[in-house]
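Everything quoted here is computed from the prediction, not taken from an experiment.
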Amino acid sequence: MKHVFFIYNPRSGKKTIVAKVTKIIDRLTKAGYDVTVRPTQKRGDATETAARICTETTDPYYDFILCSGGDGTLNEVISGVMNCERKLPVAYIPAGSTNDFAHSLNIPDNADDALQSILAGTYFPVDIGSFNDKYFTYIAAFGAFTEVPYETSQQQKNILGHAAYLLEAMKHIKNIQSYNLTVTYNGNSITDNFVLGMISNTAYVGGLLSMNDFSLDDGMYEVTLIRTPGNPIELQKILSSLLNISQDIDTEHVLYFKTSEILITCNSETELKWTIDGESGGDQREVHIVNNRKAIKFITSR
């Protein structure tokens, strides 16, 4: 008998996963799995549960952890697994509002289709990032506009496309803050003023970026740093460049490179406010990010 531990967040997205839990358990059972289920009870619960499952020394020994929720729930599960010596494989049924990482793995948004891809899938090793003493799955970001992808309504996206992000971003112009940073990577050290930074391993960031030149298992991160614009015209040029970063990079204001490790030190009085996988990463004076290549195996028919 194969065993799977199913962790789901009943509050993710529009709470649609709750109605599908019974069907998911039934399909897993029919596929030969003994299923143990835990709905998360509070923030951090998925991390504690995943860590406990990975360190179990008595039967049943679980074959993998099935996670369902948003990117934040997946981050918690990944964090729990990364804190253990025995790292169980992870399968993911997306149930959040953006599901960026799932899209990069070509996991369907529909729960039935996602489960089918798991049952028919194979193991695919994925890079996981260390962020000081935390972990992230697909992005660590700071500065201006990092909240824009998550505040732009789906209706606006459907009607206006990328223009919707420009409109939402314009609302935040007055609140843009510049930070003097020292960025160390690949033997280089740069000190300059920046308004935005993203260290990513994904094709999508809330639908804002569409990056083709990336790999989930190459041990490298794509880093995008935006220098402080001098006027509104430069700012609009930067925003347009972000929406088409794979084709049209504004090299005057956009610093783009790949690295497996980066150190970002804030020289300004105000600490950097970070987001990790769409959730708060706290205010940080210095951040050391390392790519843990092929750290966790995902189950997918990618």
Side-chain angles (χ1 to χ4, degrees), residues 70-72 75 78-79 98 100-101 127-152 165-166 168-186 188-209 211 214 220-230 234-235 238-239 241-243 245 249-250 253-291:
D71 292 330
N75 174 276
I78 293 301
S79 296
T98 54
D100 290 322
F101 189 69
D127 300 340
I128 300 297
S130 296
F131 178 94
N132 290 346
D133 60 346
K134 301 178 182 179
Y135 295 98
F136 67 98
T137 313
Y138 71 96
I139 188 169
F142 69 83
F145 312 128
T146 51
E147 71 276 31
V148 166
Y150 308 100
E151 292 186 0
T152 306
Y165 296 108
L166 286 172
E168 185 66 35
M170 297 304 284
K171 299 177 184 177
H172 298 263
I173 287 180
K174 293 182 180 180
N175 299 321
I176 290 179
Q177 184 168 355
S178 177
Y179 299 91
N180 185 263
L181 307 177
T182 298
V183 182
T184 305
Y185 68 98
N186 297 343
N188 302 307
S189 183
I190 298 173
T191 299
D192 207 337
N193 295 318
F194 298 95
V195 295
L196 169 69
M198 294 183 289
I199 297 87
S200 62
N201 193 33
T202 179
Y204 307 97
V205 181
L208 176 60
L209 292 184
M211 306 179 73
F214 87 104
M220 303 294 285
Y221 281 126
E222 288 68 49
V223 179
T224 308
L225 297 170
I226 309 300
R227 293 187 173 92
T228 305
E234 289 183 355
L235 176 60
I238 290 169
L239 290 171
S241 181
L242 279 178
L243 295 176
I245 195 166
I249 298 178
D250 175 12
H253 299 100
V254 181
L255 182 62
Y256 178 75
F257 57 87
K258 293 189 176 187
T259 185
S260 61
E261 185 173 358
I262 186 170
L263 179 69
I264 298 178
T265 304
C266 182
N267 305 314
S268 301
E269 291 184 6
T270 304
E271 293 182 334
L272 282 177
K273 186 181 296 293
W274 286 82
T275 61
I276 303 174
D277 293 343
E279 303 289 332
S280 174
D283 296 347
Q284 308 286 345
R285 175 66 59 189
E286 184 172 89
V287 166
H288 183 209
I289 292 174
V290 177
N291 185 300

Heavy-atom closest contact (Ser178 atom, Thr228 atom, distance)
OG-OG1, 2.6 Å
Is a side-chain donor-acceptor pair under 3.5 Å present for Ser200 with Glu222?
no
Would you kindly say whether Asn267 and Thr182 are connected by a side-chain donor-acceptor distance under 3.5 Å?
yes
Residues that Glu261 engages under side-chain contact (heavy atoms from CB on, under 4.5 Å), provided they are two or more places apart:
His288, Val290
Would you check if Gln177 and Thr270 make a side-chain contact, meaning some heavy-atom pair closer than 4.5 Å?
yes
Side-chain touch Ile128/Ile78, heavy atoms, less than 4.5 angstrom
yes
Say whether, by atom type as modelled, one donor and one acceptor occur between the side chain of Arg285 and the main chain of Thr265 under 3.5 angstrom.
no
Do you see a donor-acceptor pair shorter than 3.5 Å between the side chains of Asn186 and Thr259?
yes
With a 4.5 Å heavy-atom cut-off, do Tyr221 and Ile139 have their side chains touching?
no
State whether the side chain of Gln284 and the backbone N or O of Gly281 hold a donor-acceptor pair below 3.5 Å, judged by distance alone.
yes
Counting C-beta onward and ignoring hydrogens, is there a side-chain heavy-atom pair between Asp192 and Asn180 closer than 4.5 Å?
no
Less than 4.5 Å apart, any side-chain heavy atom of Asn193 and any of Arg227?
no
Side-chain donor-acceptor contact under 3.5 Å, Asp277 with Tyr138
no
Note, Tyr135 side chain near Ser130 side chain (heavy atom, < 4.5 Å):
yes
Scanning both residues in full, the closest heavy-atom pair of Glu271 with Cys266 reads CA-SG, 4.4 Å
So, taking the atom named CZ in Phe142 and the one named CZ in Phe194, what distance separates them when rounded to the nearest 0.5 Å?
7.5 Å
Where does the angle between the aromatic ring planes of Tyr185 and Phe257 fall among parallel (under 30°), tilted (30 to 60°) and perpendicular (over 60°)?
parallel
Does the side chain of Val287 come within less than 4.5 Å of Phe131's, by heavy atoms?
yes
Can you tell if the side chain of Lys134 reaches within under 4.5 Å of the side chain of Ile276, non-hydrogen atoms only?
yes
